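Not measured: the values here are computed from a predicted model. Per chain, numbering begins at 1; letters A, B, ... match sequence-line order.
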Protein chains: 2
Amino acid sequence: MNQSQKAQYEARVKIIKAIAHPSRLFIIEELNRRERCVNELAEMVGADISTVSKHLSILKNAGLVFDEKRGTNICYRLRTQCILNFIGCVEDVLTANAQSQMEILRCCKK
Amino acid sequence: MNQSQKAQYEARVKIIKAIAHPSRLFIIEELNRRERCVNELAEMVGADISTVSKHLSILKNAGLVFDEKRGTNICYRLRTQCILNFIGCVEDVLTANAQSQMEILRCCKK
DNA sequence: TTCCTATTTGGCAATATAGCCAAATAAAGG
DNA sequence: CCTTTATTTGGCTATATTGCCAAATAGGAA
C-alpha cells in the first residue's frame with residue numbers, strides 16, 4: 001500500500017465511518033423520507049440536541065447531507081440517494097449471514 | 001428509535017464498521033482479486049502479521065470473508081461480492097463531493 | 001517426539017469516538 | 001437593544017479501536 005493508495009482509502013473510510021453509527025443510520029433514513037431540523041431529529045433519536053448536532057456535522061463533513069435555513073430552524077437534507085443502496089447492500093450481507101447460520105443449524109439437526 | 005429498531009441499526013453498524021478501516025478496505029479489494037493467506041496480506045498491507053490477523057477476524061466476524069486451510073497456510077476469501085458495489089457507492093459520493101467543490105471554486109472565480 | 005512455520009491471542013499504550021452539560025452564537029421578534 | 005429560540009462549540013469523562021510485542025496454539029516435517 002503506497003502513500004497515494006493510502007490517502008484514497010482514508011478518503012473512503014471517512015465516508016464509511018460517517019454512517020457507522022446507529023443514530024446516524026437512523027438520521028439518514030429519516031432524511032430520505034423528508035427533510036428535518038435538528039430538534040426534530042434529536043427528539044426522534046432520543047439524544048441530546050448537542051449530540052445530534054454533532055452527528056449531523058459529521059454527516060455534513062462527509063458530504064452526505066446539507067443544511068438550509070427554514071425560518072428559525074436549520075433543516076438537513078440528504079445530498080445523494082446513493083447512500084441508501086449502500087445501506088441496502090449491508091442488509092444483503094446480514095441476510096446472507098443469517099442464511100448461513102440457518103444452514104449450520106439444519107446441518108447439526110440431521 | 002425503539003429497542004428493536006436500535007438492534008437492527010446496530011447489526012448494520014457492525015458490518016459497516018468492519019469495512020471502515022484503510023487496511024481492511026485494501027484487504028477486501030485484494031481478496032476480490034484472489035484468495036490470500038495472512039502473511040501475504042500482511043506483506044502487502046505493510047503491518048505486523050498479528051495486526052492483519054486481527055483485521056481478518058473482524059471481517060470474518062462480520063461475515064464478509066471466510067477462511068480455509070491451504071497446506072500450512074490459512075487462506076481468506078470474500079464471502080460476497082456485494083460488498084464491492086457498496087464500496088463503489090462510496091466512490092460515487094466522493095466524486096459528487098469533488099464536483100461540488102469544483103463548482104464552489106468556479107463560482108468564486110467569476 | 002521435537003522442531004518449524006503460520007496464525008491467533010493476550011496485554012498494553014496511544015489515539016479516536018461518543019454523549020452529556022454548560023457556554024457561545026445566530027437570528028428573529030418585540 | 002434585549003429576549004427568546006435554535007443550533008453549534010468547548011470541555012470533560014467513559015468507552016472503543018488500533019497496532020505492536022510477546023506468548024500461546026495448531027499442524028506439518030524431520
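- Considering only side-chain atoms of Tyr76(B), the nucleotide from dT7(C), dT7(D), dT8(C) that sits closest is dT8(C).
- Each of dT18(D), dT7(D), dA6(C) was ranked by its minimum atom distance to the side chain of Asn39(B); first place goes to dA6(C).
- Using a 4.5 Å heavy-atom cutoff, the side chains of Glu68(A) and Ile74(A) are not in contact.
- Taking atom CG of Asp67(B) as the reference point, atom P of dA26(D) lies 15 Å away to the nearest angstrom.
- Within 4.0 Å (heavy atoms only), Arg70(A) reaches no atom of the nucleic acid at all.
- When each of dT9(D), dT8(C), dT18(D) is scored by its nearest atom to the side-chain atoms of Arg24(B), the top-ranked nucleotide is dT18(D).
- No hydrogens or angles were tested; on distance alone, a donor-acceptor pair under 3.5 Å links the side chain of Lys54(B) to the base of dG10(C).
- Here dT9(C) presents its C1' atom at 15 Å from CG of Asn61(B), a figure rounded to the nearest Å.
- Rounding to whole angstrom units, CZ of residue Arg36(B) and P of dT7(C) are separated by 13 Å.
- In this entry the distance linking NE2 of His21(A) with P of dA16(C) reads 18 Å, nearest Å.
- When the nearest nucleotides of DNA chain D are assigned to Lys69(B) and Ile49(A) by heavy-atom distance, the more 5′-ward of the two goes with Ile49(A).
- For dG19(D), one of the phosphate oxygens OP1 or OP2 lies less than 4.0 angstrom from a side-chain nitrogen or oxygen of His55(B).
- The 12-atom threshold is exceeded at CD of Gln5(B), counting heavy atoms of other residues, nucleotides or ligands nearer than 6.0 Å.
- With rounding to whole Å, Leu56(B) atom CG is found 13 Å from dT18(D) atom P.
- Computed from coordinates, the Asn73(A) CG to dT8(D) C1' distance equals 14 Å when rounded to whole Å.
- With rounding to whole Å, Glu43(B) atom CD is found 17 Å from dT5(C) atom P.
- Remark: Leu31(A) CG to Leu41(A) CG distance equals 5.5 Å, nearest 0.5 Å.
- The distance from atom CD1 of Ile27(A) to atom P of dG19(C) is 10 Å, rounded to the nearest whole Å.
- The base of dC4(C) has none of its N or O atoms less than 3.5 Å from a complementary donor or acceptor on the side chain of Thr72(B).
- Taking every heavy atom of both residues into account, Val45(A) and Ser23(A) meet most closely at CG1-OG, 3.6 Å.
- When each of Asp48(A) and Lys17(A) is assigned the nucleotide of DNA chain C with its nearest heavy atom, Lys17(A) is the one assigned upstream, toward the 5' end.
- Between Tyr9(A) and Phe26(B), the angle of the ring planes goes over 60°, which puts this pair in the perpendicular group of the 30/60° scheme.
- Contact between the side-chain N/O atoms of Thr51(A) and the OP1/OP2 oxygens of dG19(C) is not found at any separation under 4.0 Å.
- Nucleic acid contact for Ser50(A): base, since at least one base atom lies under 4.0 Å from a heavy atom of the residue.
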